[in-house]
Structures are given as structure tokens and as C-alpha cells.
Amino acid sequence: MPIAISQVQIGVEERALIEEALSSGHLAQGRLVAMFESQFAAVSGAPFAVATSSGTSALQLALEVAGVGPGDEVITTPFTFVATINAILSRGATARLVDIDPTTFNLRADLANDAVNTKTKAIVPVHLYGLPADMATMKGIHERTGVRIVEDAAQAHLSSQGDYQVGTLDLGCFSLYATKNVAAGEGGVVTGARPEDEERLRILRNQGMKGRYEYVALGYNYRLNELAAAIALGQLKRLTENMALRQRNALFLTEALQDIPGLITPTTPPGFRHVWHQYTIRVTPDARQSRDSLVTALTAAGVGTGVYYPHVLTDYPPFAQNPLVKTEGIPEARRAAEEVLSLPVHAGLTEGDLTTIADAVHDQLA
């Protein structure tokens with residue numbers, strides 16, 4: 001049986017909570033959503049957590065609460081899932097894309113700092129593959145300029161830099177999509193610290209209602225339902241255990257693959273906690289074959305792979321000539337898009353699976 005790039009594991013906790021939701025007869029946002037919010041806030045270290053219908057809606061709400069609108073600029077990375085830029089453009093704001101660090105794949109904080117101007121309303125660092133961006137520098141920018149920091153932590157539940165846990169500086173956005181480290185099929189979470197932000201988020205996600213039929217803002221139906229919350233609660237209980245398994249699997253792969261010519265294994269900077277949503281290697285021009293050829297060979301060998309992401313955002317028609325998208329040269333992001341390849345690292349892998357993955361890569365590149 002092929003080794004999948006990701007695997008959803010539904011345990012007895014999720015099944016019991018789903019049955020509880022079904023038996024209650026209450027499927028819309030209710031007790032289980034509130035319970036999930038409370039537990040997610042506790043785990044993340046944030047004063048509050050507001051559940052939403054998706055990671056994308058979490059980003060949209062966070063940017064609106066941060067005051068982002070037409071005429072504003074938001075600094076982010078060109079090497080990310082499309083939801084990041086879609087959320088920015090949905091606010092009518094300009095997305096200013098700056099380059100990435102070639103070793104972490106994350107937004108270069110020094111370039112973000114240099115890009116801040118009088119129009120900058122927010123910076124959206126993306127914690128790609130489960131490794132935090134440089135939040136120490138982001139904190140300095142936030143404190144010095146007042147620019148809002150909206151973390152795209154969709155792939156980074158529990159990741160940290162030193163004593164800092166992602167999503168606790170200003171506003172943090174997480175995804176509960178089916179392949180994420182906490183999965184509910186669909187869903188998202190916004191974390192933060194300001195009471196006024198929490199109140200605004202709760203109003204906006206619920207059609208602009210402060211109380212029943214008390215409309216105080218233009219809002220949305222961005223609520224999480226009880227069935228999704230039930231699954232997410234069970235997943236949350238195993239998050240620390242699954243993170244440790246992912247870290248173990250990543251270490252195995254790095255030790256097995258680190259000496260292959262033309263292949264670069266991922267690294268974690270000192271003091272950072274990587275939660276390994278993806279284990280992403282680079283297949284450079286010095287390798288025995290190209291990244292795309294390796295994908296074909298690994299697929300034939302029964303090893304699932306993923307290319308996250310095959311292009312920078314500005315290569316796509318909606319953004320290539322868009323006047324609201326600005327960039328000033330992104331060579332490292334372009335190089336990464338040509339070389340990255342993710343291998344299975346999920347918690348369901350056995351030692352035999354890991355050996356099979358490593359041997360398959362060796363067979364093709366060593």
C-alpha cells in the first residue's frame with residue numbers, strides 16, 4: 001500500500017464527541033465550539049481563541065479587525081498558499097511581497113522591516129511547514145511602528161521561538177483543514193490578546209450580531225459547527241503526542257538523507273520548535289535527477305510526495321498583473337519553488353515506512 005503524504009487519524013475521542021453532538025440535536029455553533037475555543041486558547045498560550053469556518057476566514061476576519069482596508073499595504077511572502085494573499089486582497093488592500101530566507105522558507109524579517117512605509121497597516125508572516133518565522137524581529141517592528149502582526153499559523157500549531165509561542169503577539173490565524181496537525185475537515189481559529197479584538201471577531205463571524213437580532217456591523221457567516229468542533233477537540237488532545245512523533249520522524253529522515261549529493265535536508269534554527277506539518281527537502285541542480293523526475297520515481301515506488309509550492313504567487317494570472325500586488329525581486333522564493341519537495345512525516349508512519357521512504361530517495365539520488 002502506498003505511503004501517503006498525509007494521513008487523517010480519527011480516534012475514539014473524536015467518535016465519542018461526534019456522537020455527543022449528534023445526540024444533542026444541536027449541530028450549529030454551540031457548547032462544543034465554546035469548549036474547543038477554551039482548550040485551544042489554553043494550549044496556544046493566548047488570552048482568547050475564536051473559532052471560524054476555515055483558516056481563510058480566520059485570516060479575513062483578523063485583517064478586518066486589524067483595520068486593513070483599501071489604500072493600506074500588507075507585507076507578506078510570495079511563497080505560501082493562495083489563502084494568504086486572497087485574504088489580503090479581499091480587504092481591498094495592496095499585498096507587498098518580499099523575499100524568503102532560503103534555509104527556513106519563511107519571510108525574511110529584515111526585508112519586511114525595510115518594506116514598512118506610511119501605508120503599511122500589517123505584516124503577515126507565514127510559519128511555513130510548521131517552522132516559525134522570525135517573530136523576535138516581528139515583535140520589534142510591531143512595538144516600534146504599531147504595525148499590526150497577523151500571523152498565518154495555519155501549519156504551525158504549537159510551534160515556538162524561544163519562550164514565544166506562535167499566535168500570541170497580536171493576532172494569530174490557524175487552520176483546521178483535513179491535512180493540518182489539528183484537523184476538523186474544515187475550520188479555523190483566530191487567537192489574540194486584546195479584548196476589543198475578541199469582541200469584534202465574535203460579532204463579525206456571526207453576521208454582525210452582538211446579541212440575537214442586534215446587528216452592529218456588516219458581518220459574515222464564518223461560524224464553526226459542532227461536528228467540526230467535536231473532531232478538533234479530539235485532535236487537540238493528541239496534539240502534543242503527535243507533534244513528538246512528527247519530530248521523531250523528521251529526525252530519522254534527516255539522519256538518513258543528509259549526505260546525498262544535491263539534496264538539502266531541512267534545518268531548525270537554534271531555539272525554534274518545528275512541528276513538522278511538512279518535511280521539505282530541496283532537490284538542487286547538483287542532484288542526480290530533477291525534482292520533478294524524483295516525484296515520478298517516488299510515486300512509482302509507492303512513496304507519496306507533495307510540492308508546496310510549485311510557483312510563487314505572482315506567477316498566477318490573478319496576481320501577475322494585479323495593481324494591488326507589488327514585489328521587488330524574489331529570487332530565493334523562485335528558487336525554492338523549483339526545488340522543494342515534501343516527504344511523508346505524519347504521525348501514522350512506522351519505522352518501516354520511514355526506512356522505505358529513505359531507501360527510495362537513496363535509490364534515485366545517491
Does Y308 have its ring centroid less than 6.0 Å away from the ring centroid of F81? no
More than 12 heavy atoms of other residues, nucleotides or ligands under 6.0 Å from CD of E196: is that the case? yes
Would you sort out whether N106 and L131 count as a side-chain contact (heavy atoms from CB on, under 4.5 Å), showing the intermediate values? CA-CA 8 Å; N106 284 326; L131 177 66; 4.1 Å; yes
Lys/Arg N to Asp/Glu carboxylate O, R205 vs E37, below 4.0 Å: yes
Taking 4.0 angstrom as the limit, do K121 and E73 come out as a salt bridge? no
When rounded to the nearest 0.5 angstrom, what is the spacing between OG1 in T56 and CD in E186? 8.0 Å
With rounding to the nearest 0.5 Å, note down the distance linking OH in Y309 to OG1 in T77. 10.0 Å
Does the E214 side chain pair with the main chain of M209, one donor and one acceptor, at a distance under 3.5 Å? no
Without hydrogens or angle criteria, can the side chains of R144 and N113 be said to hold a donor-acceptor pair below 3.5 Å? yes
Looking only at side-chain N and O atoms, does Y222 offer a donor or acceptor that is under 3.5 Å from a partner on Q60? yes
Give a yes or no answer on whether the side chain of E338 reaches the backbone of A333 with a donor-acceptor pair at less than 3.5 Å. no
Got a salt bridge between E332 and R108, using NZ or NE/NH1/NH2 to carboxylate O under 4.0 Å? no
Linked, directly or transitively: F252 and V361 (ILVMFWY side chains, under 4.5 Å): yes
Of the non-hydrogen atoms in V150 and A62, which two are nearest, and what is the gap between them? CG1-CB, 3.8 Å
Using atom types as modelled, flag every donor-acceptor pair under 3.5 Å from a side chain in residues 292-304 to any protein atom, sequence neighbours excluded.
residue: S293; atom: OG; partner: S290; partner atom: OG; Å: 3.0
residue: T296; atom: OG1; partner: D292; partner atom: O; Å: 3.3
residue: T299; atom: OG1; partner: V295; partner atom: O; Å: 2.8

For the OG atom of S6 and the NE2 atom of H346, what is their distance to the nearest 0.5 Å? 7.0 Å
pair M135-P125: side-chain heavy atoms closer than 4.5 Å: yes
For the side chain of S57 and the backbone of S54, is there at least one donor-acceptor N/O pair under 3.5 Å apart? yes
Just wondering, do M138 and E151 contact through their side chains at under 4.5 Å, heavy atoms? no
Flag yes if L176 and M35 sit in one hydrophobic cluster, no otherwise; membership is Ile, Leu, Val, Met, Phe, Trp, Tyr, and two members link when side-chain heavy atoms are under 4.5 Å apart. yes
Of all the heavy-atom pairs spanning I100 and A336, show the shortest one and how long it is. CD1-CB, 3.9 Å
Would you please test T191 and V166 for side-chain contact (heavy atoms from CB on, under 4.5 Å) and show each step? CA-CA 9 Å; T191 57; V166 301; over 6 Å; no
Looking at D170 and R148, is there a salt bridge between them, counting it only when a charged N and a carboxylate O are closer than 4.0 Å? yes
Classify the ring geometry of F36 against F40: parallel below 30°, tilted from 30° to 60°, perpendicular beyond 60°. tilted
Go through the steps to decide whether N242 and N181 satisfy the test side-chain contact (heavy atoms from CB on, under 4.5 Å), and finish with yes or no. CA-CA 8 Å; N242 285 345; N181 292 20; over 6 Å; no
What I'd like to find out is whether the side chain of F319 reaches to under 4.5 Å of the side chain of L89, using heavy atoms alone. yes
Under the 3.5 angstrom rule, does the side chain of H26 hit a backbone N or O of Q29 as a donor-acceptor pair? yes
Charged N-O contact under 4.0 Å between E198 and R202: yes
D353 side chain near P344 side chain, heavy-atom distance below 4.5 Å: no
Measure the shortest side-chain to side-chain distance between R335 and V340 over non-hydrogen atoms and say whether it is less than 4.5 angstrom. no
Looking at G187 and L224, what are the two nearest heavy atoms and their distance? CA-CD1, 3.7 Å
Find out whether L59 and L61 are in side-chain contact, i.e. whether some heavy atom of one side chain is under 4.5 Å from a heavy atom of the other. no
Using atom types as modelled and distance alone, determine if a side-chain donor or acceptor of H274 lies under 3.5 Å from a backbone N or O of T268. no
Quick check for you: to the nearest 0.5 Å, what is the distance between Y279 atom OH and T305 atom OG1? 14.5 Å
Determine whether the side chains of Q289 and Q364 contain a donor N or O and an acceptor N or O closer than 3.5 Å. yes
Is E339 salt-bridged to R282, cutoff N-O under 4.0 Å? yes
So, for L324 and G92, which heavy atoms are closest and what is the spacing to 0.1 Å? CD1-O, 4.2 Å
The ring-ring contact (aromatic ring centres under 6.0 Å, His included) partners of F105 (sequence neighbours excluded) come to Y129
Honestly curious: do V325 and Y316 fall in one hydrophobic cluster under the side-chain, below-4.5 Å linking rule? yes
Any chance the side chains of S342 and T280 put a donor and an acceptor closer than 3.5 Å? yes
Using the rule that two of Ile, Leu, Val, Met, Phe, Trp, Tyr join whenever any of their side-chain heavy atoms come within less than 4.5 Å, decide whether Y164 and L107 are in one cluster. yes
Residues forming a side-chain contact (heavy atoms from CB on, under 4.5 Å) with N221, sequence neighbours excluded: Q207, R223
Rounded to the nearest 0.5 Å, what's the gap from CD1 on I75 to CD1 on I149? Could you check? 8.5 Å
Enter the distance from L218:CG to E64:CD here, rounded to the nearest 0.5 Å. 8.0 Å
Heavy-atom side-chain proximity of D99 to T327 below 4.5 angstrom: no
Check the pair T84 / V124 against side-chain contact (heavy atoms from CB on, under 4.5 Å), numbers first and verdict last. CA-CA 8 Å; T84 310; V124 180; 3.9 Å; yes
Polar side-chain atom of R291 near backbone of T284 as donor-acceptor pair, under 3.5 Å: no
Answer yes or no: are there more than 12 heavy-atom neighbours, outside E328 itself, under 6.0 Å from its atom CD? no
Would you find a donor on one side and an acceptor on the other, under 3.5 Å apart, between the side chain of T120 and the backbone of N117? yes
Donor-acceptor side-chain pairing of Q155 and H127 below 3.5 angstrom: no
Closest non-hydrogen contact found for L17 with G234 is CD1-N, 3.9 Å
Can you say whether the rings of H157 and F174 are parallel (under 30°), tilted (30 to 60°) or perpendicular (over 60°)? tilted
Taking all atoms of both residues into account, what is the closest heavy-atom pair of G130 and S159, and its distance? O-CB, 3.4 Å
State whether the side chain of Q161 and the backbone N or O of A136 hold a donor-acceptor pair below 3.5 Å, judged by distance alone. yes
Linking I/L/V/M/F/W/Y whenever any side-chain heavy atoms sit under 4.5 Å apart, do L341 and W276 land together? yes
Side chains of T137 and D134, donor plus acceptor under 3.5 Å: yes
Do S23 and E19 have side-chain N/O donor and acceptor atoms under 3.5 Å apart? yes
Check whether any side-chain N or O of R238 sits under 3.5 Å from a backbone N or O of Q9 as a donor-acceptor pair, and report yes or no. yes
Student check: side-chain heavy atoms of V190 and T52 closer than 4.5 Å: yes
State whether the side chain of R246 and the backbone N or O of V275 hold a donor-acceptor pair below 3.5 Å, judged by distance alone. no
